[in-house]
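Shown next, in structure tokens, is the structure this report addresses.
Labels below follow one simple rule: chain letters A, B, ... track the order of the sequence lines, proteins then strands, and each chain is numbered from 1.
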Protein chains: 2
Amino acid sequence: MKAIEKFLEEKHVRPTAMRMLIFKFLAQKQVAVTLADIEIAFEKSERTTIYRTIKTFENSGIVHVIEDGSGVSKYALCEAGCNCELDSDLHLHFHCEICKETQCLTETKIPHINLPPGFTATDASLVVKGTCDKCNKE
Amino acid sequence: MKAIEKFLEEKHVRPTAMRMLIFKFLAQKQVAVTLADIEIAFEKSERTTIYRTIKTFENSGIVHVIEDGSGVSKYALCEAGCNCELDSDLHLHFHCEICKETQCLTETKIPHINLPPGFTATDASLVVKGTCDKCNKE
DNA sequence: ATAGTCCTGCAACGGAAGTGCATTTTTTCC
DNA sequence: GGAAAAAATGCACTTCCGTTGCAGGACTAT
Ligand SMILES: [Mn+2]
Ligand SMILES: [Mn+2]
Ligand SMILES: [Zn+2]
Ligand SMILES: [Zn+2]
């Protein structure tokens with residue numbers, strides 16, 4: 001918990017109680033979570049606080065958003081030392097159609113794409129759908 | 001217009017007036033459109049009709065949905081002879097951060113991705129953001 | 001200790017997607 | 001052609017998610 005506090009300070013985010021709890025929650029999860037997921041985990045706290053906490057995390061490069069096509073945004077911690085939005089960090093996101101969970105496959109980077117003439121890229125997102133390793137074992 | 005009628009019939013979609021108009025609208029557009037875009041183009045018709053028309057088109061493989069991260073779904077006609085959702089047809093979608101428009105780059109297919117062990121894919125979507133050819137000329 | 005800044009809680013708003021049901025239009029079949 | 005059935009449309013209402021305004025509380029700096 002002390003480590004979390006230090007981490008948030010390094011990111012210039014004041015380590016309030018709620019922020020540390022939400023950070024811890026995200027760190028424990030192996031999959032991306034929705035705002036609703038966090039709400040359920042912290043019944044006592046307010047929707048808005050969670051919303052703004054995540055926004056703060058997002059703006060500070062602590063979490064990144066994942067649009068997996070399910071219609072709702074999901075969030076996951078950025079990799080250590082990740083500068084979100086930089087080409088080098090763009091990894092793949094996998095959405096399992098069985099368990100409906102989305103996870104970062106941080107080892108699998110998005111390959112370089114050759115765009116048609118005239119187009120220039122600043123960012124890319126790749127979402128693969130299918131069956132995840134856990135669901136394939138059953 | 002007669003060609004549109006025939007095309008819809010081939011797809012087992014009854015060629016009603018509204019459906020043909022919406023199809024024509026989509027065919028003229030070079031970019032993906034939102035339901036709201038269609039509403040604006042056809043002020044007289046009902047939101048629900050447009051909504052259900054697009055759903056019908058989607059289920060019949062006439063249009064495909066594009067989630068470009070803007071939060072709203074966009075739609076574009078499938079390529080001729082496209083079997084949506086099949087690997088061979090997966091092309092890239094480009095979202096321009098200047099003009100905010102999204103287009104299908106049907107020539108640029110999604111490269112094959114090597115997933116970690118245990119994962120199997122059925123579908124993929126790749127959205128690249130940046131500046132489109134038109135906006136780069138200015 | 002005071003003022004200023006930041007965080008949190010509550011309430012309300014907004015856009016977009018989706019559903020139920022009555023009405024109209026189109027097809028089917030005699 | 002006309003009645004019955006099926007399909008499409010229009011209208012109202014709902015839900016879900018994200019977002020904002022504002023007021024009170026906690027924290028920080030001097
Ligand atoms: Mn990720
Ligand atoms: Mn496309
Ligand atoms: Zn799974
Ligand atoms: Zn552009």
Side-chain angles (χ1 to χ4, degrees), chain A residues 4-25 32-60 62-76 95 100 102, chain B residues 1-2 4-25 32-60 62-76 95 100 102:
Chain A
I4 294 175
E5 188 174 338
K6 194 176 175 186
F7 179 81
L8 292 181
E9 277 169 354
E10 277 169 13
K11 294 284 188 177
H12 306 104
V13 169
R14 268 175 237 279
T16 67
M18 203 57 224
R19 285 171 178 176
M20 289 198 286
L21 284 174
I22 292 179
F23 183 92
K24 192 179 170 191
F25 178 75
V33 302
T34 64
L35 290 177
D37 291 334
I38 307 178
E39 278 178 59
I40 291 167
F42 300 98
E43 298 269 0
K44 291 173 187 170
S45 74
E46 273 314 298
R47 229 164 59 78
T48 318
T49 304
I50 296 169
Y51 168 74
R52 285 197 259 236
T53 297
I54 289 292
K55 271 284 175 243
T56 301
F57 283 3
E58 196 185 334
N59 295 333
S60 308
I62 296 172
V63 303
H64 60 283
V65 197
I66 304 161
E67 310 282 354
D68 63 6
S70 67
V72 299
S73 299
K74 296 185 180 175
Y75 303 89
H95 177 72
K100 311 292 180 197
T102 298
Chain B
M1 216 56 176
K2 199 68 185 173
I4 294 175
E5 187 174 338
K6 194 176 174 187
F7 178 82
L8 292 181
E9 276 169 354
E10 277 169 12
K11 294 286 187 177
H12 307 103
V13 169
R14 270 173 234 279
T16 67
M18 204 57 224
R19 286 172 179 176
M20 290 197 287
L21 284 173
I22 291 178
F23 183 93
K24 191 179 171 190
F25 177 74
V33 301
T34 65
L35 290 177
D37 291 335
I38 306 178
E39 279 179 58
I40 291 167
F42 300 97
E43 297 269 0
K44 292 173 186 170
S45 73
E46 272 314 297
R47 223 170 55 77
T48 319
T49 304
I50 296 170
Y51 169 75
R52 285 197 258 237
T53 297
I54 289 292
K55 273 281 174 249
T56 301
F57 283 2
E58 195 185 335
N59 295 333
S60 307
I62 295 171
V63 303
H64 61 283
V65 198
I66 304 162
E67 310 282 356
D68 63 7
S70 67
V72 300
S73 300
K74 296 185 179 175
Y75 303 88
H95 178 73
K100 312 291 179 196
T102 298

- Task: Nearest whole angstrom, please: distance from the C1' of dG18(D) to the NZ of K74(A).
- Result: 16 Å

- Write down the distance between CD (E46(A)) and P (dC10(C)), rounded to a whole number of angstrom. 5 Å

- Task: Report the distance from atom CD of E43(A) to atom P of dG9(C), rounded to the nearest whole Å.
- Result: 14 Å

- Message: Exactly one of I54(B), V13(B), T49(B) should register a side chain to side chain contact (heavy atoms under 4.5 Å, CB included) with R19(B). Which one does?
- Response: V13(B)

- Message: I need the CD1-P distance between I50(A) and dT19(D), as an integer number of Å.
- Response: 15 Å

- Task: Kindly determine whether F42(B) and F25(B) satisfy ring-ring contact (aromatic ring centres under 6.0 Å, His included), including the steps that lead there.
- Result: CA-CA 10 Å; F42(B) 300 97; F25(B) 177 74; 5.7 Å; yes

- If you measure from the Lys or Arg side-chain nitrogens to the Asp or Glu carboxylate oxygens, is any gap between E9(A) and K6(A) under 4.0 Å? no

- Heavy-atom closest pair, residues L8(A) and P15(A): CD1-CA, 3.9 Å

- Please confirm whether F23(B) and F7(B) have ring centers closer than 6.0 angstrom. yes

- Query: With a 4.5 Å heavy-atom cut-off, do Y75(B) and V65(B) have their side chains touching?
  - Reply: yes

- Message: Against T53(B), only a single residue in I22(B), L35(B), T48(B), I38(B) fulfils side chain to side chain contact (heavy atoms under 4.5 Å, CB included); can you say which?
- Response: I22(B)

- Message: One character per nucleotide, please: for nucleotides 12-22 of chain C, 5' to 3', B when the base has a protein heavy atom closer than 4.0 Å, S when only the sugar-phosphate does, - otherwise.
- Response: B---SBBBBB-

- Between dC16(D) (P) and D37(A) (CG): distance, integer Å: 15 Å

- Which of residues 4-25 of chain A sit near DNA chain C, with a heavy atom under 4.0 Å from it? R14(A), T16(A), M18(A), R19(A)

- Report yes if some heavy atom in the side chain of M1(B) is under 4.5 Å from a heavy atom in the side chain of I4(B); otherwise report no. yes

